[in-house]
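See structure below.
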Amino acid sequence: MGNNTAGEVITCKAAVAWGPGQALVMEEILVDPPQKMEVRIKVLFTSICHTDLSAWKGENESQRAYPRIFGHEASGIVESVGEGVTDLKEGDHVVPIFNGECGECEYCRCERTNMCRDYGVNPMKKAMVADGGCRFRTKETGEPIFHFLNTSTFSEFTVVESACVVKVDPGFPLEKMAMLSCGVSTGVGAAWNTADVKAGSTVAIFGLGSVGLAVAAGARARGASKIIGVDINPAKFVKAQELGITDCINPKGLEGEIKRLTGGGGVDYSFECTGNSAVLREAFLSTHLGWGLTVLLGVHPGPKMLPLHPMELFNGQQITGSVFGGFKGKTHIPSFAEDCMRGAVNLEEFISHELPFEKINEAFQLLQGGESLRCLMHL
């Protein structure tokens, strides 16, 4: 890349959000050099997740902060590193991750969790840990532009804490590696790590967006015998079957269908990918008495509590949550990338559209309209 910009302020294009639901504005911004334990990345590919969509809409008022640069699925090349960064260098091919791994805190040292005390997923966080400041500024006035989910990838250059940057093999195509930042890792990891889906088992997936279909790909790779997809949008069923779903159900008017498809017992594993508490209850009830496991993946923004009676848990069914598929980012994602490149998961299947970065508002509309899985934008 050439290190002529290291230590300098970079002027580049970014898609800036100025208010909830407002069209993103493509404008020139200033990106400061990385500070201690930070990395500045030249973003080459980025895509949009439903979390970006709900944040852009400002659905949770307590998480609003403007101006802001959204985006948390991407891949790129390290432009420069800040003081103290030893595991990354200029020119490395990298994937930013919203759920970081410092490797030193009590969470990172615990094998039973992939949380990190300082760099875990935090939708309230809008600045950097080192000094509480922002690395983005408006070109005209120098006003700070807030960060998002540790990553802020809707910019030609971004500054990310090194705990949230994963180095990948330079031989792997970066357009595919972008898929590992969120959706595919979240879904496949939920099947592999959180649920540990067994060969020959039965699975139900509620919500057939990118995360739900990633669960399907993970369950298929593990040899699940039946993978039932549930969605109110039948247009998603064709793609779902391509990715390993064996039976598709529109829940309207088909009560009891999952039990029928499983001989009356219910599935071994269910995955809730919608963020709807009524759907979560259906996912829980679809599992087999005695051992059924429900994995919660959907983001539930409202104050509603779990739609369960405590005594229902005495039937042996369990429920658990999964963040980033249980992957410890820096430890596990490089080997997961290798698994994908060897064919365990076909990352290309998740890229339904491609657009230039300047058309990011079109990409938002594709996702909002349920027309795309992942729209890969080229910067």
Side-chain angles (χ1 to χ4, degrees), residues 1-10 12 14 29-46 69 71-109 114-122 125-137 144-153 155-172 174 177-178 180-182 185 324 327-337 379:
M1 178 179 291
N3 209 16
N4 55 337
T5 51
E8 304 291 327
V9 175
I10 289 177
C12 72
I29 65 160
L30 304 177
V31 183
D32 290 333
Q35 301 302 305
K36 186 175 182 180
M37 299 307 293
E38 296 174 1
V39 179
R40 189 160 59 183
I41 301 169
K42 179 177 175 59
V43 179
L44 297 180
F45 301 96
T46 190
I69 295 173
H72 65 285
E73 270 193 355
S75 59
I77 298 176
V78 173
E79 176 271 340
S80 61
V81 302
E83 177 192 344
V85 178
T86 57
D87 62 329
L88 298 159
K89 64 182 186 307
E90 176 203 345
D92 281 348
H93 287 207
V94 294
V95 170
I97 51 173
F98 66 89
N99 190 51
E101 181 189 359
C102 73
E104 297 174 357
C105 71
E106 65 269 35
Y107 295 97
C108 287
R109 294 196 304 268
N114 68 335
M115 293 177 67
C116 176
R117 183 188 61 207
D118 295 326
Y119 304 102
V121 55
N122 178 5
K125 183 183 171 192
K126 56 187 180 181
M128 305 301 280
V129 169
D131 59 3
C134 298
R135 303 292 174 258
F136 305 119
R137 291 178 287 132
I145 303 173
F146 294 119
H147 295 254
F148 176 69
L149 283 185
N150 291 324
T151 48
S152 290
T153 62
S155 174
E156 291 176 329
F157 286 85
T158 187
V159 177
V160 181
E161 277 124 358
S162 63
C164 299
V165 183
V166 174
K167 181 179 175 180
V168 293
D169 189 313
F172 296 166
L174 280 172
M177 292 298 99
L180 302 182
S181 272
C182 178
S185 297
F324 198 48
F327 284 118
K328 286 182 181 285
K330 292 171 88 77
T331 299
H332 297 142
I333 292 301
S335 59
F336 178 47
L379 279 78

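All of these numbers come straight from a predicted model, not from anything done at the bench.
Within the 4.5 Å cutoff, no side-chain heavy atoms of S181 are placed close to those of T151. Proximity of E161 to N150: side-chain heavy atoms (C-beta onward) are separated by under 4.5 Å at one or more points. The side-chain heavy atoms of K42 and L44, taken from C-beta on, include a pair separated by under 4.5 Å. Side-chain contact check for E38 versus M128: some heavy-atom pair is nearer than 4.5 Å. Between H332 and E101 there is no side-chain heavy-atom pair separated by less than 4.5 Å. Contact of the K125 side chain with the H147 side chain is not registered, since no non-hydrogen atoms from C-beta on lie closer than 4.5 Å. Residues F324 and V121 are not in side-chain contact: their nearest non-hydrogen atoms beyond the backbone lie 4.5 Å or more apart. Using a 4.5 Å heavy-atom threshold, the side chains of V159 and F136 count as separate.
The two residues C108 and G103 make their nearest non-hydrogen contact at SG-N, 3.3 Å. Of all heavy-atom pairs between D131 and R135, the closest is OD1-NH2, 2.9 Å. Nearest heavy atom pair, residue A127 against residue G132, reads CB-O, 3.4 Å. In plain terms, the two heavy atoms of A74 and V95 that are nearest each other are O-CG1, 3.7 Å. Here the closest heavy-atom approach between residue K167 and residue D87 is recorded as CD-O, 4.4 Å. Considering all non-hydrogen atoms of both residues, C102 and Y119 come closest at CB-CD1, 3.8 Å.
Ion pairing between a basic and an acidic side chain is recognised when a charged N comes within 4.0 Å of a carboxylate O; R40 and E79 show such pairing. Between D32 and R137, at least one side-chain nitrogen of the basic residue sits less than 4.0 Å from a carboxylate oxygen of the acidic one, meeting the salt-bridge criterion.
We find the CD1-OG1 distance between I41 and T153 to be 9.5 Å, quoted to the nearest 0.5 Å. Rounding to the nearest 0.5 Å gives a distance of 12.5 Å between CD of E8 and CG of L30. Here I29 contributes atom CD1 and E156 contributes atom CD; the two are 9.0 Å apart, rounded to the nearest 0.5 Å. Remark: I97 CD1 to K330 NZ distance equals 7.0 Å, nearest 0.5 Å. Of the inter-residue distances, the one linking K328 atom NZ with N99 atom CG reads 9.5 Å to the nearest 0.5 angstrom. Annotation: the span from D169 atom CG to S335 atom OG amounts to 12.0 Å, rounded to 0.5 Å.
Between the side chain of T46 and the main chain of E73, a donor-acceptor pair closer than 3.5 Å is present.
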Query - Working for side chain to side chain contact (heavy atoms under 4.5 Å, CB included), residues I77 and L174 - result: CA-CA 9 Å; I77 298 176; L174 280 172; 4.2 Å; yes
**Report entry** Intermediate values then yes/no, side chain to side chain contact (heavy atoms under 4.5 Å, CB included), I69 and T158
**Finding:** CA-CA 9 Å; I69 295 173; T158 187; over 6 Å; no
Report task. Carefully, step by step, assess S185 and I333 under the rule side chain to side chain contact (heavy atoms under 4.5 Å, CB included). Result -> CA-CA 8 Å; S185 297; I333 292 301; 3.7 Å; yes
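Evaluation of the side chain to side chain donor-acceptor pair (under 3.5 Å) rule for S155 yields no partner, not counting sequence neighbours.
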